[in-house]
Engineer: 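For reference, the structure I am asking about is given below.
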Amino acid sequence: MPVLKRCLYRFGTIQYDLSTRTFLVGVLNVTPDSFSDGGKFFDRKRAVEHGLRMVEEGADFIDVGGESTRPGSEPIPVDEELRRVLPVIEGLAAKVTVPISIDTYKAAVAKRALEAGATIVNDITGLRFDPEMVHVIVGCDASVIIMHMQGTPKTMQQNPVYAEVVSEVRTFLSKQAAFAEKQGISQILIDPGIGFGKRLEHNLEIFRRLNEFTVLGYPLLIGPSRKSFIGTILNLPVDSRFEGTAAAVAVSILNGANLVRVHDVQAMKRVSMVVDAIKRGAIESALV
């Protein structure tokens, strides 16, 4: 059975053994147009309150994003992205100890966010978009989540094509992780990028064969929450995909995910605890 190259990851003052259980990453979109909760937490006060609530409900990380990356979305200026995310990161960093990640592919945004209290960069381009990003991460002694995406948010769903989706995505993640290590980034997580430049059949194949990504030896994160593949299967809008998300989270954990990125933290925490207990054979492992 594949094992992590390293299990102990330190994020600021917090150290996690990512081999012990499933860790939850709470999604905090500070945008007016996110596909799942656009506008709900655009106000700084409401965003910080929601972040605190997710921590109370069991989130081990909070992932703050200021630019929608839904299919067809346009990029926003750096100044606008900073205006959205910095007050929220500063507000959360003053009140919580759980690690905060900044969901951005722009080095200028990442740098300011890390200075404000984030300790992880969640780069949907897998360090491909901005050549300065890796230097920012190294300079701030931060961690990185390397995600796979075919194309850009604007174009990714227009005509995604793969000869063999799992092997192609795995090769990309392996290559980019090796690049990150060579540049001096010591804490790397990988994400196959469900819904980012993938058709329904591509997403389902990744879920079925998720354990094939664990051979890379890096903590594996997956973000199935409320995604369009669930809506396609169930013919339901984004606000009715709760049960579908729970099913995808359970399958992800059984097939090797170390972290799941979710909107409904309290419920998915319960899902993860039950699946962890089944998978590991002891309830104590789910409670660590």
Side-chain angles (χ1 to χ4, degrees), residues 9-16 23-34 36-70 73 75-125 127 129-130 132-147 153 185 187-189 191 221 223 225 259 261-263 265:
Y9 273 49
R10 180 168 290 281
F11 308 96
T13 61
I14 295 292
Q15 179 172 278
Y16 289 141
F23 289 77
L24 268 65
V25 181
V27 180
L28 183 51
N29 291 318
V30 193
T31 63
D33 55 351
S34 169
S36 60
D37 51 10
K40 289 181 68 175
F41 310 112
F42 197 44
D43 174 76
R44 174 195 178 276
K45 183 173 183 291
R46 291 182 66 189
V48 172
E49 289 174 350
H50 185 60
L52 295 175
R53 188 179 311 114
M54 288 194 290
V55 172
E56 291 176 359
E57 292 175 347
D60 302 292
F61 301 83
I62 299 296
D63 187 46
V64 179
E67 178 178 295
S68 174
T69 53
R70 73 191 191 285
S73 61
I76 63 172
V78 167
D79 289 348
E80 174 61 17
E81 192 171 346
L82 287 170
R83 186 187 70 79
R84 295 177 182 183
V85 301
L86 286 184
V88 176
I89 292 172
E90 291 167 351
L92 286 173
K95 296 181 178 181
V96 303
T97 59
V98 302
I100 300 168
S101 64
I102 174 64
D103 182 354
T104 188
Y105 51 85
K106 301 166 188 168
V109 174
K111 186 174 189 298
R112 294 285 301 279
L114 293 170
E115 292 170 349
T119 57
I120 307 163
V121 175
N122 183 7
D123 186 344
I124 64 169
T125 74
L127 301 175
F129 178 83
D130 191 333
E132 292 302 311
M133 181 66 88
V134 67
H135 304 301
V136 166
I137 296 170
V138 171
C140 294
D141 193 26
S143 305
V144 67
I145 301 169
I146 294 175
M147 196 193 82
I185 301 176
Q187 293 195 163
I188 298 164
L189 303 92
D191 178 354
L221 181 150
S225 189
L259 307 94
R261 185 176 180 273
V262 298
H263 298 84
V265 171

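By convention here, the first residue in the shown sequence is residue 1.
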Engineer: Could you grab the distance from atom CE of Met147 to atom CG of Leu221, nearest 0.5 Å is fine?
Structural biologist: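 One finds 10.0 Å between CE of Met147 and CG of Leu221.
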Engineer: Which heavy atom of Arg84 sits nearest to which heavy atom of Pro32, and what is that distance?
Structural biologist: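 Nearest pair, atom of Arg84 first, then Pro32: NH1-CD, 3.5 Å.
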Engineer: Could you check if a side-chain atom of Pro99 sits within less than 4.5 angstrom of a side-chain atom of Tyr9, using non-hydrogen atoms only?
Structural biologist: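 A side-chain contact is absent here, since even the closest heavy-atom pair is not under 4.5 Å.
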Engineer: Roughly how far apart are Asp130 CG and Asp123 CG, rounded to 0.5 Å?
Structural biologist: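 It is 8.5 Å, given to the nearest 0.5 Å.
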Engineer: Could you tell me which non-hydrogen atom of His263 sits nearest to which non-hydrogen atom of Ser225, and how far apart they are?
Structural biologist: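 Nearest pair, atom of His263 first, then Ser225: ND1-OG, 2.7 Å.
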Engineer: Under the side chain to side chain contact (heavy atoms under 4.5 Å, CB included) test against Val98, which residue among Asp60, Ile14, Val25, Ile62 passes?
Structural biologist: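 Of all the options given, the one that passes is Ile62.
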Engineer: Report the distance from atom CZ of Arg44 to atom CD of Glu90, rounding to the nearest 0.5 Å.
Structural biologist: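 Result: 8.0 Å between the selected atoms.
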Engineer: What are the two closest non-hydrogen atoms of Ile100 and Ala93, and how far apart are they?
Structural biologist: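 Taking Ile100 first and Ala93 second, the nearest heavy atoms are CD1-N, 3.7 Å.
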Engineer: Let me confirm one number: the CD1-CD1 distance from Ile145 to Ile124, rounded to the nearest 0.5 Å.
Structural biologist: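 With rounding to 0.5 Å, CD1 (Ile145) is 12.0 Å from CD1 (Ile124).
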Engineer: Measure across Leu24 and Val265 and return the closest heavy-atom pair with its distance rounded to 0.1 Å.
Structural biologist: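 Looks like CD2-O, 3.6 Å.
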Engineer: Run the salt-bridge test on Lys111 and Glu132 with the 4.0 Å N-O cut-off and return the result as yes or no.
Structural biologist: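 No, no charged N to carboxylate O under 4.0 Å.
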Engineer: Does any non-hydrogen side-chain atom of Thr119 lie less than 4.5 Å from one of Gln187?
Structural biologist: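 Not in contact.
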Engineer: If I compare all heavy atoms of Ala110 with all of Met133, which pair ends up nearest, and what's the gap?
Structural biologist: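 Minimum heavy-atom contact is CB-SD, 3.6 Å.
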Engineer: Okay, side chain of Glu67, backbone of Thr104: is any donor-acceptor separation there less than 3.5 Å?
Structural biologist: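 Such a contact is absent between Glu67 side chain and Thr104 backbone.
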Engineer: For Glu49, run the side chain to side chain donor-acceptor pair (under 3.5 Å) check against Lys45, Arg53, Arg46 and tell me which one passes.
Structural biologist: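 Going through Lys45, Arg53, Arg46 one by one, the side chain to side chain donor-acceptor pair (under 3.5 Å) with Glu49 is satisfied by Lys45 alone.
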Engineer: Among Asn122, Ile89, Leu86, Asp63, which residue meets the side chain to side chain contact (heavy atoms under 4.5 Å, CB included) test with Ile102?
Structural biologist: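 The single option meeting the side chain to side chain contact (heavy atoms under 4.5 Å, CB included) with Ile102 is Ile89.
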Engineer: Between Phe11 and Phe61, what is the ring plane arrangement, given parallel below 30°, perpendicular above 60°, and tilted in between?
Structural biologist: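 Correct class here is perpendicular.
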Engineer: Counting C-beta onward and ignoring hydrogens, is there a side-chain heavy-atom pair between Leu92 and Leu28 closer than 4.5 Å?
Structural biologist: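 Leu92 reaches Leu28 side chain to side chain.
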Engineer: When rounded to the nearest 0.5 angstrom, what is the spacing between CD1 in Ile137 and CD1 in Ile120?
Structural biologist: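 So the gap between those two atoms works out to 11.0 Å.
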Engineer: Which pair of non-hydrogen atoms, one from Val88 and one from Ala47, has the smallest distance, and what is that distance?
Structural biologist: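 Heavy atoms only, the tightest pair is CG2-CB, 3.8 Å.
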Engineer: Do the non-hydrogen side-chain atoms of Ile76 and Lys106 ever get within less than 4.5 Å of each other?
Structural biologist: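 The answer is yes; the side chains approach within 4.5 Å.
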